[in-house]
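Presented below is the structure to which this report refers.
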Amino acid sequence: MPELAEVELARRQWAACHGDTIIDVNVHNKARIYRDCPSAALGILKGKILRSSHAHGKRMLFTFAPELHLEVHLGMSGKLSTAPPNYSEQKHDHLIVYTAKAALIFNDYRMFGRVMLHDCANPWADLPPQPQDSKFSLIHVRKLIKRHPKKPLKALLLDQNACPGIGNWMADEICWRLGIHPGIATGTLEAKKLRKEIRFVTFGSLKHVADKNSKASSDGFAPGSYVANVPPKNWLFQHRWKKGGICPKCKTTLARDTIASRTTAWCPNCQF
DNA sequence: ATCGATACCTGCGCGC
DNA sequence: TGCGCGCAGGTATCGA
Ligand SMILES: [Zn+2]
């Protein structure tokens, strides 16, 4: 599926090089990608070993030493991939890290993504629980609802401090499974149901990453093709972009509008 | 404080 | 064929 799942898939691309030594770093100095961190600082990675990697919501963290981490966010169009070590820079490549065996590439044509270095032990210490974590409890979800009672459901789902990892497509999927219009105020929701569907869609997304990975692939991933092919037909996701797309439950033509500043699709028959 | 609207980019597909 | 427009999976930031 989208978003969270693609982050996880992207992380795995580079994770193939865990344990390998960085022998060269090529940065695109002028790129907006480096608005949080001077690109020249990335030279410090030379000679270091990529030890491990983690994801939290849509963020990824690649660890080189206990107090040296590279954080990557894909924005709207970022991609991570690997290539043979003789790879040379392509259009919109902003970071290429070379090991003896491979080139690790970050490419992002729209440049909404970002890359930054952290020189502390745990740069993610203050991040909120993710839907797939045990800390995303019923009590936690009740607190979220209480904290944002007037916020539209869709806006709460897209708030990365509340639901890290949920993106536009997953948010619509969750609203649709809830049978609730995405514009409805959060305060009217049942925490138990909300938590259930957030977690269903989150785990479902991650499962599809595993399914996809079980087939042999790939030289870098193409979000478009991956996303279009993997999720089941009984998810809203498969229908929401087609013009005249229909609800997989009741076959009603889906409605589309901008909600929480994002294009939103819903079934006017199943959601209100 | 919280909220919604806007800015930030490039590329693609559509209608004229 | 070419051009202009709207739109794209995200989020920092700035006003009300
Ligand atoms: Zn329906």
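In what follows, chains are A, B, ... by sequence order, proteins preceding strands, each numbered from 1.
Between the CD atom of Glu71(A) and the C1' atom of dG10(C) there is a distance of 14 Å, rounded to whole Å. Per the geometry, CG belonging to Asp36(A) stands 18 Å off P belonging to dG10(C), to the nearest Å. Remark: C1' of dT11(C) and NZ of Lys154(A) are 15 Å apart, rounded to the nearest angstrom. Regarding Leu156(A), its CG atom lies at a distance of 14 Å from the P atom of dT11(C), rounded to whole Å. One atom, NE2 of His73(A), and another, C1' of dA12(C), lie 11 Å apart when rounded to the nearest Å.
Near DNA chain C, meaning a heavy atom under 4.0 Å from it, residues 179-186 of chain A has no residue at all. Using a 4.0 Å cut-off on heavy atoms, the residues of residues 106-120 of chain A that approach DNA chain B are Tyr109(A), Arg110(A), Met111(A), Phe112(A), listed by number.
Not one side-chain nitrogen or oxygen of Gln160(A) sits closer than 4.0 Å to the OP1 or OP2 atom of dG10(C). A sub-4.0 Å separation between OP1 or OP2 of dA8(C) and a side-chain N or O of Arg256(A) is present.
Bracketed by its first and final contacts, the part of DNA chain B lying under 4.0 Å from non-hydrogen atoms of chain A reaches from dC3(B) to dG11(B) in 5' to 3' order.
With DNA chain B read from its 5' end, the first of the two nearest nucleotides for Arg147(A) and Ser261(A) is the one closest to Arg147(A).
When hydrophobic side chains of Ile, Leu, Val, Met, Phe, Trp and Tyr are connected at separations under 4.5 Å, Leu236(A) ends up clustered with Trp176(A), Leu254(A).
Across all strands shown, Pro152(A) has heavy atoms under 4.0 Å from sugar-phosphate atoms exclusively, and none from any base. No engagement by Ser77(A) is indicated, since no non-hydrogen atom pair under 4.0 Å with the nucleic acid exists. Among the protein residues, Lys150(A) comes within range of no part of the nucleic acid, since none of its heavy atoms lies under 4.0 Å from any strand.
dT11(C) and dA1(B) have their P atoms separated by 24 Å, given to the nearest Å. A gap of 15 Å separates the P atoms of dC14(C) and dC9(B), to the nearest Å.
In this structure, a donor-acceptor pair under 3.5 Å is present between the side chains of Glu89(A) and Asn26(A).
For His28(A), the ring-ring contact (aromatic ring centres under 6.0 Å, His included) criterion is met by His94(A), not counting sequence neighbours. When the ring-ring contact (aromatic ring centres under 6.0 Å, His included) test is applied to Tyr34(A), no partner is found at least two apart in sequence or on another chain. Residues satisfying the side-chain contact (heavy atoms from CB on, under 4.5 Å) criterion with Lys48(A), sequence neighbours excluded, are Ile44(A), Phe64(A), Leu68(A).
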Enumerate, atom names and distances included, each donor-acceptor pair closer than 3.5 Å involving a side-chain atom of residues 183-195 of chain A, sequence neighbours excluded.
| residue | atom | partner | partner atom | Å |
| --- | --- | --- | --- | --- |
| Thr186(A) | OG1 | Lys151(A) | O | 2.5 |
| Thr188(A) | OG1 | Ala185(A) | O | 2.8 |
| Arg195(A) | NE | Phe136(A) | O | 2.7 |

Between side-chain atoms of residues 14-21 of chain A and protein atoms elsewhere (two or more places apart, or another chain), which donor-acceptor pairs fall under 3.5 Å?
| residue | atom | partner | partner atom | Å |
| --- | --- | --- | --- | --- |
| Trp14(A) | NE1 | Ser81(A) | O | 3.2 |
| Trp14(A) | NE1 | Ile105(A) | O | 3.3 |
| His18(A) | NE2 | Ser53(A) | N | 3.3 |
| His18(A) | NE2 | Ser53(A) | OG | 2.9 |

Throw together a table of side-chain donor-acceptor distances under 3.5 angstrom for residues 111-121 of chain A, partners on residues two or more places apart or in other chains.
| residue | atom | partner | partner atom | Å |
| --- | --- | --- | --- | --- |
| Arg114(A) | NH1 | Asp36(A) | OD1 | 3.2 |
| Arg114(A) | NH1 | Asp36(A) | OD2 | 2.7 |
| His118(A) | NE2 | Glu71(A) | OE1 | 2.7 |

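The CD atom of Gln132(A) sits 8.5 Å away from the CZ atom of Arg199(A) when rounded to the nearest 0.5 Å.
Listed here is the closest heavy atom pair of Phe106(A) and Gly78(A): CE1-CA, 4.1 Å.
Secondary-structure annotation of DNA chain B gives the stems B:2-8 with C:10-16, B:10-16 with C:2-8, with a stem taken as at least 3 successive Watson-Crick or G-U pairs whose two distances both fall under 3.5 Å.
A salt bridge links Asp24(A) with Lys46(A); the closest basic N to acidic carboxylate O contact falls under 4.0 Å. Using a 4.0 Å cut-off between charged nitrogen and carboxylate oxygen, Glu8(A) and Arg12(A) count as a salt-bridge pair.
Enclosure of atom CG in Leu127(A) by more than 12 non-hydrogen atoms of other residues, nucleotides or ligands within 6.0 angstrom is indicated.
Within the structure, side-chain hydrogen bond (donor to acceptor under 3.5 Å, both in side chains) pairs that include any residue of residues 258-269 of chain A comprise Lys154(A)-Thr264(A) (at least two apart or interchain).
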